[in-house]
Each structure stands twice: as structure tokens, then as C-alpha cells.
Amino acid sequence: MGGSPVWDGTLSLDGFNASAAALVKRWKEIEVDDSLPDWTWKPCSKTGAPSEEEGYLALEGVCRSCGGSQIEEMENLDVAETVGDDAWVESSSGNVHVYDYHVVYSFSYKVPMLYFRGYYTSGQLLTLDEVKEGLPSDSLKVLTESKWTFITQEEHPHLSKPWFTLHPCATSDWMKLLLEEIKAADKEQSLQYLPAWLSVVGQAVGLKIPLGLHCNS
Amino acid sequence: MDSPREEAAAWSEEAARRVWAGAVPLQVHLHDADVTALPPPPPFLILGPRIGYLPLLIPVIKAHFSNALPPGVDTVWFEYKGLPLKWYVPIGVLFDLLCADPERPWNLIVHFRGYPSDILSPCEGEDSVKWSYMNSLKEATFIITGNSKSVMNMSQADQVALWESVMKGNLDGYKNISTRLKLGPFEEDGLARTPSGERQHHQGSDEPESPGSGKACRVPVRLYVRSVQEDLEDIEDALSVSDWESVSYINRPFEIRKVEGGSYITLEHALQTLLPEFFSPKPMGRTKNSGHVEALDSAPDDSDTTNSSKSSQEAEPAPASLREADGAKRAKVKLVRVQGIELDMDIPFLWVANNLKHPEYYLHVCVYVGTRKQ
């Protein structure tokens, strides 16, 4: 972004890393639905050469009932850790899907990209049709209209396995609209980038993002 | 008499013809478990275009094996020495990456059942390949111009014609449409010497580029880094790739940020920038504890880029790993292969990008690095 007169809606790698760190911290401070675990930062390495700078954000083990909503009535239970509990699994494994969400920086588009996968509590991965059951109706509509350009399965850039992903090619355009107003402070803008971005892509895949994430601390 | 420019254009034309005509002879065997006939059918020989994709060969392969196939729904995939092949990687790239010693014909196994969906993303034949191609083209266009508009705004008819030309290996048809996308060629002149004219006025500012301005230039590159034994003497003795985790796939543009006083960027320089951890430590001034003080001033050609990219770290993705002078773990580049050619590392990088690119405007580079076993 820097001092260029018209911001193009993209994010630098440094901006991504800073915004990711801020998001991990902020998430712990705000009140988050019990069904949501913490975001963690996963450093990655290329052929045994670890890098301090490169990594991605992960939110893993989000349980959702088949209807699409996050499971909310699980008081006193840390749901993410309860997945392996036999008694609980027996009673409800039929209609519970577990999701992992990763946010990876795209060097091509200079924006974050969402990768996600869903699986049964048994560990078996969900197919696209099964994932569809958990999508909001708006997304289902888009998916039907543009099968190849909205949500597809592609290789996860760091895990080299097929994950679902949202196509990023228009991200910078709508991020520009979302964040243009707080252009005044560039640093602030990059810290706000991921929360704003997440509020849009989360909605597309049925991941509820707590409002508190957007309020300034 | 041809001007140097015309001559260069003629050479580029010739290079494109050769890239498009490049093919790998394939010998396709039907997987044992899928054979329902006795005797089992003989293998099928076919030329796989280097710029093509395996699923596009399925119709002819299937016709050949049709009498031996079990009834039911086919989910076709290919395997080489136990490794399921990624269908969205061009055939020539798979061959360069997985066959250290080029095996001709290349013996592949075709499966019609048991799709490894935990390893490969699903493939619905030509449609999947087409969209994978279009999405890559869109990504490359974004890298080069800062947006994907020229691809998004293509008419449906042009998109279909473009894809058909790629699928059929019809270079002339491809050029008719692709030139309208205005994606190059990358010009060494504009970058290296700034003779006069339009690029001149950018010189004053040192701020990040506005996309497509010509000042910063981003080249779409996909790198496939394969580890081989460090003490390997003959590349043909490399152990075969048993899983995709042992290949690092790096989809990252090469960014040229600044006018580089008169000299061109070599392939070595570009790879070093993209993969600093795989090159021998070349002191770069910015490392405080490098321990090789005497060599600090020996890399004048590097200092320009290093300083200019300080403001944005994108061109130097992993300086942290350089700081670790862990010579024991450091990998060495043993071989660089593009379009089946083992390239001289001093060759101008932009020439490689302009002339050896694939039809989705990506340069696919296979790099073999020697690493010590853990």
C-alpha cells in the first residue's frame, strides 16, 4: 500500500503477517462463541528450511451441525477437544461436521486466501456435496451459478493436499471498497485488513465471526 | 536486412514453435486391478504434449482399453512408480520433475477406479482442466498487469477458442487471441537501460508501483523443488519421488523492482531470489553475523536489488534462513530444468520467461536440490 495515491486493495506480506498476529491476539481478548477455538499461526518450511516470516493462520476443529450453524449449546465443553470423546460422538456424530480453516497469503494476488476442509468426527473428509449442506443459501446460489469460479478444490499451498478454496481474483476489488475510508493511517489499515476480509469470506462459508473483532481496542 | 529486434522476434517465434511441438512419448499400462480381460491388453503408446494435461488423453486411452475395463463409473487417474500424478500440472513438467533420467517412453499406469481423493483434487475430465487452465491464466494476468480484467472481459467465444487452441496445440490460433491480452513480452530494455520515453518519468519516485506501470515487473513463476540425495553423483540415480510432500511447490512471482544498472538478470539471480535457502551463501551485506567478512564486498551486482527491495520484503522471501549459517543442512542446487532443457544459469531470466513459458503465461521451473538425509 505505502504512499501510492490510490490504494489497490492488496496487502503486502509484511502487512499480512502483522495483521495475522493482531488477529490472533485480538481473538483471545474478545468474547468468542464457545464453539470457536483460537486462531493459531503455523510457520511453514520449504524442504527442511524453516522460515520465520512465512506461515499461515489456522482455525481448526470448528464443529458444526449439518444444518449449517455452529454448535452453540455446548456449555462447559470445549468442543474442539471433545471430538474424540466416545460417548459424545456416538450420540451426535451423524450430524456433526468438523471444519478446519486456513488463511494463506497469496503472492500472486497479494491478498489472503481462505482454504478449508470439513470432515466427520470419524476423520473421513467431506465431499463438496456434503460441504454444500453447511453453506449459507446465498453461497449455494452462487455456487450453482459459477461452479468453477467460486468454491473449488485445489492444492493447499503448504500441505499439497486438496482443500476447498474461495477464488481470490476479486478480493482486492471489494477490499478496496471495504477499507477505503480508513486510508488515513496505512498501518491501521493493514491491521484491519484480516478482520474485514474475514467478515466477508466467513459469511460466504458459514463461519460466524464475532463482531468484537472489528471494534477498535 | 533484419534488425536485431526482428531477429529476436524470429527466434522467439521459433522457440514458441518448439515449445508447442514438444511431446513426451508415453507408454500407458492399465492397472492390474482394473483388468477384466484375458490376456491383459497391451500397453498403449501415445505422445503427450509437453504443454498438455493428462486428462485430455483419457478419451483415446479409454478407447484403447475399453474391452478390458470393468463395468461401472470411471474415475480416471495416472500413476508413476506409486505416485498419483497431479492432473493440473502440465505433462512436460511432470516428466521433467519425476524422471530424473528422462525415460522414453515414459511408463505410466492408468487407473479407472479408486481415485485417490485425499491426494488429488477431483477431476471431471476436460471441463476441470479447462477451468484450471483459465484460473491459472487469470492468476498470471493479475501478476503481470495488476488485475485480471483482460481475461475476465474476454468474450465467451474467445475463451472457448483460446482453450481449444491450447488443447489442440494450435499455436497460430492461440496467438491470434492471446496477443489481445497484452501480456508481454517482458522487455529487458525497458528494465535494464531505460533508453528514453515512457518509462523515464518513473525514475524519480521510489514508492511501490502502481500495477502495470512498467516500473516494477512481475513474472509468473511456478517452481517445483525436488530433494535428491546430497551425495548423488549421477542425476539418474536419484531415488524416485514417493509422495508429493517431498516436492516443494512454490507459486510465487519473480519481482523485478528497479532499474538494474545496465546488466540483465540471470536465471541464477532469479532463482536465488526466489529460493535463497537453496543456494550457497552469497554474502549480501545485510547479514550481520555472516562470518565471511572478506567476501562482503564481492557481490556488487547484488547490492542494488538488495537495497531496493528492503522496503518491501516480497522479493526476498526468506532472509531469516540465510542468517542461519547451517552449512550442514543447506541444500545445493543440482539441476534446473525448463521444458526439458537443462539451462545454463547465466542465461537472461527474462528471455527464459518470454520464450519457455507455458500457454497460461507461467514459467514452470523444476529444480533438483541435494539435501542431507535427516
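Order of the sequence lines sets the chain letters (A, B, ...), proteins ahead of strands, with each chain counted from 1.
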Are any of the side-chain heavy atoms of B/Ser117 and A/Gln153 separated by less than 4.5 Å?
no
Is there a side-chain contact between B/Asn135 and A/Glu154, using heavy atoms and a 4.5 Å cut-off?
yes
Considering non-hydrogen atoms only, spot the tightest contact between [X] and [Y] and give its length.
| X | Y | value |
| --- | --- | --- |
| B/Pro253 | A/Ser108 | CD-N, 4.1 Å |
| B/Asn251 | A/Phe107 | O-CB, 4.4 Å |
| A/Ser160 | B/Glu245 | OG-OE2, 3.8 Å |
| A/Pro162 | B/Ile119 | CD-O, 3.3 Å |
| B/Asp118 | A/Lys161 | O-CD, 3.0 Å |

Evaluate side-chain contact (heavy atoms from CB on, under 4.5 Å) for B/Tyr88 paired with A/Glu155, printing each intermediate quantity in order.
CA-CA 10 Å; B/Tyr88 43 89; A/Glu155 183 179 331; 2.7 Å; yes
Please classify the contact of [X] with chain A as side chain, backbone, both or neither, using a heavy-atom distance under 4.5 Å.
| X | value |
| --- | --- |
| B/Asp243 | neither |
| B/Trp131 | side chain |
| B/Met134 | neither |
| B/Lys86 | side chain |

Let me confirm one number: the CE-SG distance from B/Met152 to A/Cys169, rounded to the nearest 0.5 Å.
3.5 Å
CG/B/Asn147 to CG/A/Asp8 distance, rounded to the nearest 0.5 angstrom?
10.0 Å
Under 4.5 Å from a heavy atom of chain B, the part of [X] involved:
| X | value |
| --- | --- |
| A/Leu128 | neither |
| A/His167 | side chain |
| A/Ser172 | side chain |

Could you walk me through whether A/Trp163 and B/Ser121 pass the side-chain contact (heavy atoms from CB on, under 4.5 Å) check?
CA-CA 8 Å; A/Trp163 281 54; B/Ser121 51; over 6 Å; no
